[in-house]
Amino acid sequence: MDQNQPPSGSGASNGQQQPPYGQMPPYGQQQYGQMPPYGQQQYGQMPPYGQQQYGQMPPYGQQPYYEGFAPRPGCIPLRPLGLGDILSGAISAMRRNARVIFSLAAGVVLIQAVLAVLLQINRPNGKALVDNTDPQHPIVHWTRLWQSGLLSLTGSLISGLFAIALTGMLIIVVTEDVVGRKASFELVWSKLKSRLGRLLLLSVVVSVLEYLGLVFCLAPGIWLWGIWAVAVPALMIENTGIGGALSRSQQLVSGLFWRTWGIRALCYLIAAVAGGVAGVIGGLIAIAVSGSNSIQLGSTGGATGNFSTTAIIVLILVSALVSLVVAPFKAAVDSLLYVDLRMRKEGLAADLQRAASQSAQSR
């Protein structure tokens, strides 16, 4: 088995084989109620010093697997996860792999910030989209309106593309951490380079279709956002094609749609609120930097002034810093949702426990 990739099959427990239900052990062997030979362990007798004590954990990799207990070699316990496990696990994965995760996120966010600057330069700032000089005959500047809408759509799609691309990179780091292994830049690149084209194409397909589903009819967008929740992790971990990743995600989410959708939506909402608070602070700083003469309100209440160049740079920097934290958190959430779905539906927990045991023994 490749120690650099989490196992993909389903597992079974390794317990001692018991005789068939109702079958008695051979004559002369221990019977129900028979006392052990004299001098051997009696009820209440303490085991010899250094042997298993009450409350002591069994050897790593030999722990019983059940809902209330599981080993935790990395960011999560190796059992089906709850909401708290996913939230804390996402934060723990970021903390435990801060150097790799935030370096990758910084590279992606930097490229995204440069594109945001280019889009901002071409935005019709300070120009009214609707001229209300004559309230009886308002004039709509359709060219400006179309340009502003197109730039907003482009910015949203670019953000979605970069978020999915970053998720594809960070899924490798998070799933390695699940079994207690540290992913290096070399490992991330070795996994990414053969999948990069498919990952970018998948990003385009998912971003465009989900966005169109939300714009033209809310329900399809919500549905696609749920059934494709783990398409990117499926592509990166199982090395599938575009269609295979989408169908694999739908297969894993099937039967657990609202649970998956709800956990993902709540985690994303938490990230959005935190990012929104930071954005408001950045906006206040930008207004202070702009000065009172840089932003003016017209008589109709519309903004007729313009942010100064310095203020725009401040806004983009704040947005980049927010993305530097929010994007890895969302990526970690999607990664852990994928692991959770496979533990629930395919018994992956037992395989992860064995992989974690092998990793611990090799160190």
Shared hydrophobic cluster for [X] and [Y] (ILVMFWY, side-chain gaps under 4.5 Å):
| X | Y | answer |
| --- | --- | --- |
| Ile91 | Leu321 | no |
| Val109 | Val174 | no |
| Phe185 | Met94 | yes |
| Trp261 | Trp223 | yes |
| Leu200 | Ile172 | yes |

Quick one: pull up [atom1] in [X] and [atom2] in [Y] and give me the separation to the nearest 0.5 Å.
| X | Y | atom1 | atom2 | result |
| --- | --- | --- | --- | --- |
| Leu235 | Leu246 | CG | CG | 9.0 Å |
| Leu170 | Phe329 | CG | CZ | 13.0 Å |
| Ile101 | Met169 | CD1 | CE | 11.5 Å |
| Ile86 | Cys267 | CD1 | SG | 6.5 Å |
| Leu266 | Leu87 | CG | CG | 6.5 Å |
| Met236 | Leu199 | CE | CG | 6.0 Å |

Arg248 and Glu346: salt bridge (Lys or Arg N to Asp or Glu O under 4.0 Å), yes or no, with the steps?
-> CA-CA 13 Å; Arg248 176 64 168 152; Glu346 299 177 355; 2.8 Å; yes

Would you check if the side chain of [X] reaches a backbone N or O of [Y] as a donor-acceptor pair within less than 3.5 Å?
| X | Y | result |
| --- | --- | --- |
| Thr175 | Ile171 | yes |
| Ser249 | Ala245 | no |
| Asp177 | Cys75 | yes |
| Lys182 | Arg96 | yes |
| Ser323 | Ser319 | yes |
| Ser357 | Arg354 | no |
| Ser254 | Gln250 | no |

Any side-chain heavy-atom pair from [X] and [Y] closer than 4.5 angstrom?
| X | Y | value |
| --- | --- | --- |
| Leu81 | Ile76 | yes |
| Ser103 | Val100 | no |
| Lys330 | Thr167 | no |
| Val339 | Leu352 | yes |

From the list Val188, Asn97, Leu192, side-chain contact (heavy atoms from CB on, under 4.5 Å) with Leu104 holds only for Val188

Return the minimal non-hydrogen interatomic distance between [X] and [Y], and the atom names on each side.
| X | Y | answer |
| --- | --- | --- |
| Ser190 | Lys193 | O-CG, 3.8 Å |
| Ile222 | Phe257 | O-CZ, 4.1 Å |
| Ala229 | Arg264 | CA-NH1, 3.6 Å |
| Leu224 | Glu210 | O-OE2, 3.5 Å |
| Ser247 | Gly244 | OG-O, 3.1 Å |
| Asp85 | Gly82 | OD2-N, 3.0 Å |

Residue from Lys345, Arg259, Arg79 passing side chain to side chain donor-acceptor pair (under 3.5 Å) with Asp340 | Arg259

Sort and list the pairs that fulfil salt bridge (charged side-chain N to carboxylate O under 4.0 Å, His left out) and have at least one residue in residues 310-321, not counting sequence neighbours.
-> none

Derivation of the side chain to side chain contact (heavy atoms under 4.5 Å, CB included) call for Ile281 and Val318 = CA-CA 9 Å; Ile281 296 174; Val318 170; over 6 Å; no

Members sharing Val280's hydrophobic cluster (side chains within less than 4.5 Å) = Leu284

Would Arg342 and Asp351 pass as an ion pair if we require N to O under 4.0 Å?
-> no

Residue pair Glu238 / Thr240, side-chain donor-acceptor N/O under 3.5 Å = no

